Every structure is written in structure tokens, then in C-alpha cells.
> 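Take a look at the following structure, please.
Every heavy atom of this structure was used, including side-chain atoms; hydrogens, water molecules and symmetry mates were not. Fair warning: this is a prediction, and the values are worked out from it, not measured in the lab.
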Amino acid sequence: LQYTPTYGRTVTRSSAYSVTEAIQVNGQAMGNFKLPFYCACSSCSGGYGDGTATGTRCTEGRTIAVDPRVIPLGSKVYIEGFGDFIAEDTGGAIKGNKIDIYLSDHDRCYELGVTSANVYLMS
């Protein structure tokens with residue numbers, strides 16, 4: 001089964017991003033992760049703005065911050081309920097099974113709050 005990721009869309013939790021057989025076949029289940037959200041403001045990014053640890057610019061629907069000891073930087077990641085992302089960033093508070101999902105709007109970070117979901121490392 002082939003799996004083709006899509007990036008760069010508005011992030012929202014949706015049943016459209018359920019785990020399919022193609023994700024199960026092509027991905028490695030990493031377990032359940034805590035999912036807070038962040039933006040480029042100084043409060044969320046600690047003054048780092050929209051730059052990432054890999055040198056890219058944060059993009060909603062693509063950028064996530066991970067613990068690189070758990071998910072290697074540059075990895076393609078599928079988050080159940082949210083879709084496809086790339087591990088492009090790190091953060092001081094990102095330890096273990098925690099992933100920060102980048103959003104382009106600070107108010108939406110608070111609206112979406114903190115949730116959890118199953119995560120797959122895609123090959």
C-alpha cells in the first residue's frame with residue numbers, strides 16, 4: 001500500500017485524519033503523545049521566532065517540535081486526528097512523548113489547548 005503525505009494546510013483535529021491501513025503498513029507506531037501547540041510569538045517560541053532547529057521556517061501544517069532522542073529531526077510523522085508533519089524543530093520543554101504542533105495564529109494555540117494522540121513515524 002502506498003502512502004502520500006500532504007503538508008501545509010490549516011491544522012485542526014478531524015476524523016478525516018484517522019489511521020488508515022496505509023499508515024499502519026508504512027509507519028512505525030510510536031505511542032500516545034501529549035500535543036501542545038505553539039506559534040512564532042516570543043511567549044510561545046521563547047524568542048526564537050519562526051526559525052527551526054533544522055534551519056527551515058516554521059509552517060503550519062508541516063512543522064512540529066520533537067525530542068530528537070525519540071523522533072529524529074527531519075522525520076515524517078503522522079499524528080492521528082491531525083495528519084502529516086515533519087520534525088523540524090526542538091524545544092527546551094519538549095521531552096519524551098511530547099510534540100509541539102506549530103500554528104500560525106497565537107489565539108488558535110489557546111483554542112486548541114493541549115490534547116493527545118497516537119503518533120506514527122513514517123518511512
Side-chain angles (χ1 to χ4, degrees):
L1 287 168
Q2 185 77 4
Y3 181 75
T4 306
T6 57
Y7 304 108
R9 77 225 167 298
T10 300
V11 172
T12 184
R13 185 174 208 124
S14 171
S15 60
Y17 299 113
S18 62
V19 174
T20 65
E21 185 179 353
I23 291 164
Q24 291 175 335
V25 167
N26 294 290
Q28 174 189 351
M30 299 297 290
N32 195 270
F33 280 62
K34 183 176 181 180
L35 304 170
F37 299 86
Y38 77 111
C39 71
C41 81
S42 60
S43 175
C44 288
S45 73
Y48 287 98
D50 66 358
T52 69
T54 58
T56 62
R57 185 174 178 195
C58 289
T59 302
E60 182 169 348
R62 186 190 72 207
T63 304
I64 55 173
V66 301
D67 179 341
R69 295 170 299 165
V70 178
I71 295 176
L73 287 172
S75 297
K76 295 175 183 173
V77 176
Y78 188 86
I79 301 174
E80 185 173 15
F82 292 94
D84 300 292
F85 297 90
I86 299 175
E88 297 181 316
D89 207 3
T90 60
I94 309 301
K95 303 287 187 230
N97 283 20
K98 182 178 179 184
I99 293 175
D100 265 11
I101 299 176
Y102 179 81
L103 301 177
S104 59
D105 181 288
H106 185 75
D107 291 336
R108 287 186 50 241
C109 292
Y110 283 104
E111 287 171 18
L112 290 172
V114 177
T115 188
S116 63
N118 293 319
V119 171
Y120 295 81
L121 189 60
M122 302 306 292
S123 52

> Suppose we screen for salt bridge (Lys or Arg N to Asp or Glu O under 4.0 Å). Which residues come up paired with D50, at least two apart in sequence or across chains?
R57
> Can you tell me if NZ on K76 sees more than 12 non-hydrogen neighbours from other groups inside 6.0 Å?
no
> Which atom names give the shortest non-hydrogen contact between A117 and L35, and what distance separates them?
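Residues A117 and L35, closest heavy atoms: CB-CD1, 3.6 Å.
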> Rounded to the nearest 0.5 Å, how far apart are OG of S15 and CD of E80?
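Between S15 OG and E80 CD, I get 10.5 Å after rounding to 0.5 Å.
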> For the residue pair N32 and N97, establish whether any side-chain heavy-atom pair is separated by less than 4.5 Å.
no
> Among all residues two or more places apart in sequence or in another chain, which pass the salt bridge (Lys or Arg N to Asp or Glu O under 4.0 Å) test with R108?
E60
> Nearest 0.5 Å, please: how far is CD1 in I23 from CD1 in I79?
11.5 Å
> Hey, does the side chain of T63 reach the backbone of Y102 with a donor-acceptor pair shorter than 3.5 angstrom?
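No, the answer is negative, given that no donor and acceptor are paired below the 3.5 Å cut-off.
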> Assess the side chains of S14 and T12: does a donor N or O sit below 3.5 Å from an acceptor N or O?
no
> Roughly how far apart are I64 CD1 and F33 CZ, rounded to 0.5 Å?
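These two atoms lie 9.0 Å from each other.
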> Residues two or more places apart in sequence or in another chain: which of them pass side-chain hydrogen bond (donor to acceptor under 3.5 Å, both in side chains) with D84?
Y3
> Quick check for you: to the nearest 0.5 Å, what is the distance between S18 atom OG and N118 atom CG?
12.0 Å
> Is D89 reaching over with its side chain to a backbone N or O of A53, donor-acceptor style, under 3.5 angstrom?
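Looks like yes, one N/O pair under 3.5 Å.
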> Looking only at atom types and distance, does a side-chain atom of R62 sit under 3.5 Å from a main-chain N or O of I86, one as donor and one as acceptor?
no
> Could you tell me which residues satisfy salt bridge (Lys or Arg N to Asp or Glu O under 4.0 Å) with D67, sequence neighbours excluded, listed by chain and number?
R69
> Rounded to the nearest 0.5 Å, how far does OG1 of T115 lie from NZ of K34?
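If I round to the nearest 0.5 Å, the distance is 11.0 Å.
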> What heavy-atom pair brings D100 and P36 nearest, and what distance separates the two atoms?
OD1-CG, 2.8 Å
> Could you work out, with ring-ring contact (aromatic ring centres under 6.0 Å, His included) as the rule, every residue matching F85, not counting sequence neighbours?
none
> Using the ring-ring contact (aromatic ring centres under 6.0 Å, His included) criterion, which residues pair with Y7? Sequence neighbours excluded.
none
> Return yes if a side-chain donor-acceptor contact under 3.5 Å exists between N26 and Y78, otherwise no.
no
> Say you draw a straight line from OH of Y38 to SG of C44; how long is it, rounded to the nearest 0.5 Å?
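Going from OH on Y38 over to SG on C44, the span is 9.5 Å.
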> Please give me the minimum heavy-atom distance between T52 and C58, naming the atom from each residue.
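Minimum heavy-atom separation between T52 and C58: CG2-SG, 3.6 Å.
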